[in-house]
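Each remark here refers to the structure printed beneath this line.
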Amino acid sequence: EGLTIADFDTFQDLKAFVLSQADMLATLDDFDTAVGQVLTLAYADMHARHPFYWALSTLPGTLLTKAQITTLTITVAAAGAAAAGTLSAAPSGAISLLGYKIRPSGKSWIARVTAHTAGETAVTLDAVPEALAAGTAMTAFKDEEELASDFGYWDNGLWNEDGVFIEVWDLERLLGTYADPPSAGWPPRAVALVATRKVRFSTYPTAIKRLEYPYLITEANISGSAALRVPQPLRWVVAMGGVYFALLMKHDKRAGIFKQEYERGIETAISFDRRVRTGMGRVSQGVTYGAYS
C-alpha cells in the first residue's frame with residue numbers, strides 16, 4: 001500500500017516517498033544519504049522562491065536604538081589605521097562604544113569605534129585621517145544595529161514606536177539619497193542591510209527608541225522526526241521537488257515530469273500563501289509586495 005499525503009508529516013515520510021518514486025530501496029539504498037540531501041535542496045529551493053507565511057517569526061524582531069553622546073571630547077595623537085584615542089571621561093551608564101561612530105566637531109569624516117571597554121576612556125578607531133588635539137568636541141552615535149539571530153529576510157519593513165513605517169532600501173540607494181556621514185533625525189525614512197543581519201539607518205537616533213520588524217526566519221535544514229513547518233496541504237510540493245532532484249541525480253529521464261509537478265506546486269503554494277495572508281474578502285485582495293519593493 002503506497003504512501004498518501006497524510007503520511008507527509010516528517011522528513012522521514014518525505015524520504016520514504018522519494019525512495020519509492022525513484023525506484024530505490026526503502027532501506028540501505030546506495031543513494032539513501034543523497035536522497036536526504038536532495039530533500040534538503042528541494043526544501044531550501046522552495047523557501048527561496050517566496051516569503052511564505054509559515055516562515056514568519058512567531059514574534060516580530062525588536063530593536064532598541066542608542067542615544068547619541070555629545071558631552072565627551074576626544075584626543076587622537078596620530079593619524080592612521082587602528083588609531084588610539086582617549087576620551088575625556090568614560091561614557092556614563094557603563095556602556096561600551098564598540099560599534100559607535102565618532103564625528104569630531106568641524107570635520108567631514110567619521111571613524112568607527114572598533115574597540116572599547118565600558119568604564120574606560122581608551123578607544124580604538126578604524127582609521128583616522130588626521131590627529132585630533134586634546135579636548136576636540138565630538139558626537140558619538142550608532143546608526144547601525146544587529147537584527148535577530150534567525151533573521152532571513154524582511155516581511156515588509158520596520159515600525160517605529162509611534163507606528164511610523166520605515167522602508168527597506170538597498171544600501172546604494174540609501175547612501176546616494178542621504179548624506180554620508182549621516183545626520184541626526186528620527187524616525188529615519190529608510191534602512192538598508194549592510195551585513196547579513198545588520199541594518200543602517202538613513203539618519204541616526206538621538207535618543208533610545210523602540211522598533212519592531214516582522215521577518216521571515218532562516219529555515220533550518222529538515223531532518224529526523226521533527227515536524228515540518230510547511231502546512232500539510234503543501235508538503236507534497238517538497239516531495240515532488242525531492243523526487244525531481246533525486247531522478248536528476250540519477251540521470252533518469254522521468255526527472256522532467258516531476259520538475260513540472262514541482263514547479264506547479266510552487267505556484268500553488270504561492271497562491272495558497274496569498275489567500276492565507278489576505279483572506280477571501282474583496283477589500284483585502286490586492287497586490288502582494290515582497291521585501292525591498
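Worth saying up front: this structure is predicted, and the values here are computed from it rather than measured. Numbers here simply count residues along the sequence, with the first being 1.
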Mind listing the side-chain donor-acceptor pairs of residues 101-108 below 3.5 Å, one per line with the distance, residues two or more places apart or on another chain?
| from | atom 1 | to | atom 2 | distance (Å) |
| --- | --- | --- | --- | --- |
| Lys101 | NZ | Asp143 | OD1 | 3.0 |
| Lys101 | NZ | Asp143 | OD2 | 3.1 |
| Lys101 | NZ | Glu144 | OE2 | 3.4 |
| Arg103 | NE | Lys107 | O | 3.1 |
| Arg103 | NH2 | Lys107 | O | 3.4 |
| Lys107 | NZ | Glu130 | OE1 | 2.9 |

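Salt bridge Arg264/Glu267: absent, no basic N to carboxylate O contact under 4.0 Å. Between Asp155 and Arg277, at least one side-chain N (NZ, or NE/NH1/NH2) sits under 4.0 Å from a carboxylate O, which counts as a salt bridge. Between Arg235 and Asp9 there is a salt bridge, since a side-chain N of the basic residue sits under 4.0 Å from a carboxylate O of the acidic one.
Checking each of Arg200, Lys198, Arg197 against Glu146 for a salt bridge (Lys or Arg N to Asp or Glu O under 4.0 Å) leaves exactly one that passes, namely Lys198.
A search for salt bridge (Lys or Arg N to Asp or Glu O under 4.0 Å) contacts involving Glu120 returns nothing, not counting sequence neighbours. In this structure, the ring-ring contact (aromatic ring centres under 6.0 Å, His included) partners of Phe141, at least two apart in sequence or on a different chain, are Tyr204. Scanning for side-chain hydrogen bond (donor to acceptor under 3.5 Å, both in side chains) contacts around Glu219 gives Tyr43, Arg229, with sequence neighbours left out.
Legend: ring pair (Phe, Tyr, Trp, His ring centres under 6.0 Å) pairs involving residues 77-136, not counting sequence neighbours: none detected. Applying the salt bridge (charged side-chain N to carboxylate O under 4.0 Å, His left out) test to every pair with at least one member in residues 52-66, sequence neighbours left out, gives these pairs: Lys66-Glu145.
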Evaluation steps, ring pair (Phe, Tyr, Trp, His ring centres under 6.0 Å), between Phe8 and Trp236: CA-CA 7 Å; Phe8 293 156; Trp236 67 270; 9.2 Å; no
Worked check of salt bridge (Lys or Arg N to Asp or Glu O under 4.0 Å) between Asp23 and Arg254: CA-CA 11 Å; Asp23 298 326; Arg254 294 175 297 168; 2.9 Å; yes
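Residue Val243 is not grouped with residue Ile257 when hydrophobic side chains (ILVMFWY) are merged at heavy-atom distances under 4.5 angstrom, including chains of intermediate members.
Ring pair Trp54/His47 is perpendicular by interplanar angle, where above 60° counts as perpendicular and below 30° as parallel.
How far OH of Tyr215 is from CG of Leu147: 9.0 Å, rounded to the nearest 0.5 Å.
Using a 3.5 Å distance cut-off with no hydrogens or angles, the side chains of Arg274 and Thr278 do not pair a donor with an acceptor.
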